[in-house]
Amino acid sequence: MTNLNWTSEDIPNQSNKVIVITGATSGLGKQATKVLVSKNAKVILAVRNTQKAKDVVMEIRKDFPNAKLEIRHLDLGKLNSVKTFAKEFTSDYSQLDVLINNAGIMMCPYSKTEDGFEIQMGTNHFGHFALTGLLTPLLLETKDSRVVATSSIAHKSGSINFDDINWESRKYNTIKAYADSKLANLYFTYELARKYKDNPNAPIFTVAHPGGTNTDLGRHMSITKLLAPLLGQKVEVGTLPSLRAATDLNAASGDYFGPKNFFESRGYPVIVQPNKMAQNEVNAKRLWEISEQLTGVKY
């Protein structure tokens with residue numbers, strides 16, 4: 001992985017590729033959609049707000065009139081919605097080249113998903129765990145397929161309480177809950193890579209984080225609104241780690257991409273290292289078992 005100044009110019013032609021991006025209506029997901037259709041991929045915007053997605057499609061088509069785009073409804077906070085999306089998608093498509101699990105919520109007030117999960121763990125981890133599991137048969141049938149998870153530098157302050165994963169018996173700490181959900185994204189990717197390491201048809205499982213990027217993800221944090229314009233990098237740059245994780249032909253399962261400069265907060269995407277906690281296999285396996293149990297999705 002020698003290219004230290006990797007940009008979207010390095011993305012190979014994506015003709016004939018089908019790519020699903022969750023949360024494609026804003027921020028990183030919207031930018032990734034724009035870049036990948038410019039490389040001739042067909043992109044499915046898997047989104048909660050389909051009206052907003054229509055606006056995004058219109059905007060992208062101004063620059064790329066022939067862009068292959070499709071909108072499908074997906075609410076990661078509702079397992080029924082995840083199951084419906086996966087069922088309909090697998091009946092309509094015979095391939096899935098890349099699944100970019102991008103959607104996320106950050107540091108919002110305490111609430112629960114329809115299925116009783118703490119909102120951040122439920123959306124950022126459990127929803128994507130279920131979605132990926134239900135789409136895995138199609139991914140296995142697609143040559144050189146790939147799954148990309150989206151983590152964060154915040155994973156470094158995560159430490160999941162497996163006995164109270166939905167914050168029912170602790171005072172809620174939204175910053176901690178977000179960090180836990182981003183740690184979960186790493187556990188998920190590493191456990192996937194281990195489970196499928198001997199399967200020659202398995203997808204490549206990668207993970208990325210955007211560093212400090214100006215998106216509307218931090219809308220619940222007043223300090224973020226003040227500091228983001230000063231500290232954050234543009235979304236065009238912040239999306240590069242995910243794009244590299246999704247398209248770099250040299251990427252391998254378990255690779256984690258993030259910005260190379262200033263404590264991984266900005267710059268071109270390179271392979272970065274998670275903290276020691278994220279590499280704990282016992283925790284990863286425990287989260288996997290809990291995830292299968294709570295979502296009812298078995299791989």
Engineer: Suppose we screen for ring pair (Phe, Tyr, Trp, His ring centres under 6.0 Å). Which residues come up paired with F126, at least two apart in sequence or across chains?
Structural biologist: F117

Engineer: In chain order, what residues pass the ring pair (Phe, Tyr, Trp, His ring centres under 6.0 Å) check against W167, with sequence neighbours excluded?
Structural biologist: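 By the ring pair (Phe, Tyr, Trp, His ring centres under 6.0 Å) rule, W167 matches Y172.
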
Engineer: Can you list the residues that meet the ring pair (Phe, Tyr, Trp, His ring centres under 6.0 Å) rule with Y268, with sequence neighbours excluded?
Structural biologist: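 Partners of Y268 under the ring pair (Phe, Tyr, Trp, His ring centres under 6.0 Å) test: none.
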
Engineer: For residues 104-130, pull every pair meeting salt bridge (Lys or Arg N to Asp or Glu O under 4.0 Å), keeping only residues two or more places apart or in separate chains.
Structural biologist: K112-E168

Engineer: Can you list everything that forms a side chain to side chain donor-acceptor pair (under 3.5 Å) with K17? Sequence neighbours excluded, please.
Structural biologist: none

Engineer: Report the residues that fulfil side chain to side chain donor-acceptor pair (under 3.5 Å) with S91, sequence neighbours left out, ordered by chain and then residue number.
Structural biologist: none

Engineer: Can you say whether the rings of Y299 and F188 are parallel (under 30°), tilted (30 to 60°) or perpendicular (over 60°)?
Structural biologist: perpendicular

Engineer: Any salt bridge (Lys or Arg N to Asp or Glu O under 4.0 Å) pairs touching residues 187-198, not counting sequence neighbours?
Structural biologist: E191-R194, E191-K195, E191-K285, R194-E281

Engineer: Tell me every residue that passes side-chain contact (heavy atoms from CB on, under 4.5 Å) with Q95, counting only those two or more places apart in sequence or in another chain.
Structural biologist: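 By the side-chain contact (heavy atoms from CB on, under 4.5 Å) rule, Q95 matches V18, D97, T142.
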
Engineer: Indicate yes or no for a side-chain donor-acceptor contact from R244 to the backbone of W6 under 3.5 Å, with no hydrogens or angles considered.
Structural biologist: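 Side chain of R244 to backbone of W6, a donor-acceptor pair under 3.5 Å: no, none is there.
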
Engineer: Once side chain to side chain donor-acceptor pair (under 3.5 Å) is applied, do any residues pair with S291, and if so which ones, sequence neighbours excluded?
Structural biologist: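 For S291 the side chain to side chain donor-acceptor pair (under 3.5 Å) partners, ignoring immediate neighbours, are H125.
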
Engineer: Give every residue pair that meets the ring pair (Phe, Tyr, Trp, His ring centres under 6.0 Å) criterion with at least one member in residues 62-87, sequence neighbours excluded.
Structural biologist: F85-F89

Engineer: If I take atom CE from residue M277 and atom CD1 from residue I160, how far apart are they, to the nearest 0.5 angstrom?
Structural biologist: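 One gets 8.5 Å once the value is rounded to the nearest 0.5 Å.
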
Engineer: Kindly state each residue pair satisfying salt bridge (Lys or Arg N to Asp or Glu O under 4.0 Å) with at least one member in residues 23-32, sequence neighbours excluded.
Structural biologist: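 Non-adjacent pairs meeting salt bridge (Lys or Arg N to Asp or Glu O under 4.0 Å): K30-E59.
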
Engineer: Applying side chain to side chain donor-acceptor pair (under 3.5 Å), can you list everything that pairs with N283, at least two apart in sequence or on another chain?
Structural biologist: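 Residues passing side chain to side chain donor-acceptor pair (under 3.5 Å) with N283: Y187.
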
